[in-house]
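Below is one structure, written out as structure tokens, with a few remarks after it.
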Amino acid sequence: MKKLVLVDGNSIAYRAFFALPLLNTDKGVYTNAIYGFTTMLLKVLEEENPTHMMVAFDAGKTTFRHNTYKEYKGTRQKTPPELSEQLPFMRDVLKAFNIAHYEIENYEADDIIGTLATKAADSDFEVKVYTGDKDLLQLVSEKVKVALTRKGITNVDTYDLNLVDEKYGITPKQIIDMKGLMGDSSDNIPGVPGVGEKTALKLLKQFETVEGVYKEIENVSGKKLKEKLEANEESAYMSKKLATIEINAPVDIGFDEMKKEEPNHEALLSLFKELEFSSLLDRIGGSEIVEKEELEDLEITVVEEITSEMLVSPSSIVVEILDENYHNADIIGISVANKKGNYYIPTEKALTSDVFKEWAADKQREKWVIDAKRGVVSLGWKGIKFEGVTFDIQIASYLIDPSSSSHDMADIAKRNNAISVETDEAVYGKGKKRHIPAVEVLSQHLARKAASISELKEKLETELKDNHQYELFKELEMPLSIVLGKMERNGVAVDKNELVEMGEKLTATLKTIEAEIHELAGLSFNINSPKQLGEVLFEKLNLPVIKKTKTGYSTSADILEKLRDKHEVVEKILHYRQLGKLNSTYIEGLLKVIHKETGKIHTIFNQALTQTGRLSSTEPNLQNIPIRLEEGRKIRHAFIPEQSGSVILAADYSQIELRVLAHISKDKNLIDAFVNDLDIHTKTAMDVFHVTEEEVTSQMRRTAKAVNFGIVYGISDYGLSQNLGITRKEAQEFINRYFESFPGVKEYMENIVREAKENGYVTTMLKRRRYLPEINSRNFNQRSFAERTAMNTPIQGSAADIIKKAMVNMAEEMEKQELKSKLLLQVHDELIFEVVKDEIDLMSKLVRDVMESAVELDVPLKADVEYGATWYDAK
DNA sequence: CGAGACACGC
DNA sequence: GACGTACGTGTCTCGA
């Protein structure tokens, strides 16, 4: 069977351009549309495996349709130059793929496709059309299917006769009539004003065509509608004509010319390289070739015996661990680079060498590293002190631009044009294939890493200084990494039996609920499968479908919440979900990560990940232990002090983000509220609803709280509406009223967006930086998102700065006073300590003082301190 | 093995 | 005129 794939080139290019962020190459060539277009081609070739293929483009500005209606596409904005400059590259891509492309004066790509699809169907081809334009659905027939881009570019819905009927309830031919009636604003086709998709479909069901409507116009129900139709009869006929795809365009390309040939592999490789499509190079199997030609062996010494001459100051050092999790993991090799040379030290040699250990522990001998914490903690587990780290290139890279996809050595080296370092994945493999390579390979790899640290240290240091971030680096993040390392290494004690017991109870309850659900549903199924659950709820039990996801019915908690009183099984499912989450993530999850030797839990804080400057925590994530619902909160009973008699002390900042907002916006009203220590949500409610304190209802306070939440997290009117279960309009109204009450905040929001547009980035109080390239995007979504980010990042990021500062100050103070208490965890606005009995009073006061004085603001900082026998009791 | 749905914290 | 909307981590299912 012959199979012809026809692609609407302009339409796909447009979709790709607006769907993807504005990527560009080192040379400044924009590539997002080319990239999207290319991934789509790859996918089509893979999935369709066509015998014939052709991409049609529009030619010129005017077409025969302009003779009918000179305003055709009159409202369409000019193609942005960032996109038009990409179009020639797409033709290059097609050429390399050996795919035909075609255009004719006076006709649109649609018409070429329509003509060829019709011809091909007659010549026994199976035809598939790829486009982002719904108009093309009129071409669907027995032999012609239309793949319509859905979200992004590679995601498509394939329309055949059935699907068109299902979605619209009409035949493909009637699509034209639909457009005739409703028009198309994007093409500036007028249609009948006041008639939208719904009305058009209703009319077509009754009268079949535009002609049918007018023939029996007296039978149209609704006086207004009839009037509108009568007044715009001419427009309707013209619109139908405009929307009709020409199937007899003067196309002079034969099917022979569309035969799909093998791609020109070399041309593709060089093109992808030029465009910097590294992930696509992988897909066409070109990455090995690329890397090999770059690497030249570095001169290294494999160390037999460590001498102090090798370990001069400063030295760059790499302590390599295969495992992502470095707690008590094997060190597979160590490399050192300095002015004496590049050294590879086999692990055993290093760990048993007194020279090495002495050097490592010597604060005076400078070390430059990548991911200091990783080295310090892993050597710590081996009983080796590692001090004197003055430069961590990972943290530097993160501070310079947190948005970089990763801050590992291969990445940093590549970004900064340093000597090339292979990716860990290329050297070690991934998944099952991960392994330690031969020593020649390993030593090269590690030596290259160490050498690139030396090579780049100064460059990044200068960049930090230029950005006024050196203090942030040197005085905050570097010392913080040591503090975090100690917290991780120390770990948190847990009551294993408590967890096991809770788990047993949960498992039993879950079994009961499961049985009840199966009983109520009348069949046994996997409640954890949203797919099966959806089928049971919406097909078997016929509950109303509120929302669909792209794979089926949505069964998320907020949807189930709305179905609560429709069927008693819903409540049970919600409960089952809640307990299931507790059991699998928290009980079983935590039991799994209890360390075999220490019996404690050792998380890893990622200090170089979030875009705002917050930390994150993994394996396990100790920043999302339940607290909101009592059943989950009980998990905190299992977090206990290591030493008997000690307590868990939790200190959290009260409203730190809103206080930061008051400070940076200088809003008088907000500053007053905090200076007078008011309940901020009540105060907001009073202002937004124009009521006195006594008149504030709990509902009002709840709304005000959600508004404050929205301000802090940078959510949109939509987000707020979802949160409160109100309409978007109402949400916008609340936001407006908020800004009326806090005009300084509004001014700040406007200024920060302007600043972001001018600089391309925003900063926090301590000069943390976040770039927002999308702030000037023409894509509404991307731009709006960047604008909200501009407003939010200084707030959330400054709060992160402040608590980090408090942590560093606290560690310093505790060391100075030689306290035995320990910092265990940080949860964004909260610090958790283990406090020995005779330090309770001292620590309670000290923690509060240190947190509240971490920085000086226009409003007071407030920290609440609580302690108890377990984390649960520290409330 | 990766993507998607879902749920937890701030 | 629609777009599809806080972040980060982890678990489970499901289809390739």
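Residue numbers begin at 1 in each chain, while the letters A, B, ... track the order of the sequences.
The residue A/Gln722 sits apart from the nucleic acid: no heavy atom pair falls under 4.0 Å. A/Ser554 comes within contact range of the sugar-phosphate backbone alone, with a heavy-atom separation under 4.0 Å but no base atom that close. A/Gly632 comes within contact range of no nucleotide atom at all, as no heavy-atom separation falls under 4.0 Å. Nucleic acid contact class of A/Gln796 (heavy atoms, under 4.0 Å, all strands): none. Residue contacts for A/Glu657: at a heavy-atom cut-off of 4.0 Å it reaches no nucleic acid atom on any strand shown. Looking at heavy-atom distances under 4.0 Å, A/Ile625 makes contact with sugar-phosphate atoms alone, never a base. Nucleic acid contact class of A/Asn526 (heavy atoms, under 4.0 Å, all strands): sugar-phosphate only.
With hydrogens and angles ignored, a donor-acceptor pair under 3.5 angstrom links the side chain of A/Arg728 to the base of C/dG4. The base of B/dC8 has none of its N or O atoms less than 3.5 Å from a complementary donor or acceptor on the side chain of A/Arg628.
For A/Thr585, taking side-chain heavy atoms from C-beta onward, the closest of the listed nucleotides C/dA6, C/dT11, B/dC6 is C/dT11. Closest to the side chain of A/Ala557, from the set B/dG2, B/dA7, C/dT13, is B/dA7. Here the nucleotide nearest the side chain of A/Lys531, chosen from B/dC10, B/dG9, C/dG15, is C/dG15. With C/dT5, C/dC14, C/dG15 as the candidates, the nucleotide lying closest to the side chain of A/Tyr718 is C/dT5. Relative to the side chain of A/His828, the nucleotides C/dC3, C/dT9, B/dC10 differ in distance, and B/dC10 lies closest. Minimum atom distance to the side chain of A/Lys581 is reached by B/dC8, of the listed C/dA6, C/dC12, B/dC8. For A/Asn528, the listed nucleotide lying nearest its side chain is C/dC12; candidates were B/dC6, B/dC10, C/dC12. Nearest nucleotide to the A/Thr551 side chain, out of B/dC10, C/dA6, B/dA5: B/dA5. Closest contact between the side chain of A/Lys430 and the listed nucleotides C/dG8, C/dT11, B/dG2 involves B/dG2. Comparing B/dC10, C/dC7, C/dT5 by their nearest atom to the side chain of A/Ser716 picks out C/dT5.
A distance-only check finds a donor-acceptor pair linking the side chain of A/Gln611 to the backbone of A/Pro402 [under 3.5 Å]. A donor-acceptor pair under 3.5 Å links the side-chain atoms of A/Tyr748 to the main chain of A/Met791, judged by distance alone.
Atom CD of A/Glu324 has 12 or fewer heavy atoms from other residues, nucleotides or ligands within 6.0 Å.
Taking the P atoms as reference points, C/dC3 lies 29 Å from B/dC8, given to the whole Å. Taking atom P in both B/dC10 and C/dT5, one finds a spacing of 24 Å when rounded to whole Å. Nucleotides C/dG4 and B/dG4 are separated by 15 Å at their P atoms, to the nearest Å.
In this pair, A/His518 and A/Phe525 present their aromatic rings tilted. The plane angle is within the 30 to 60° band.
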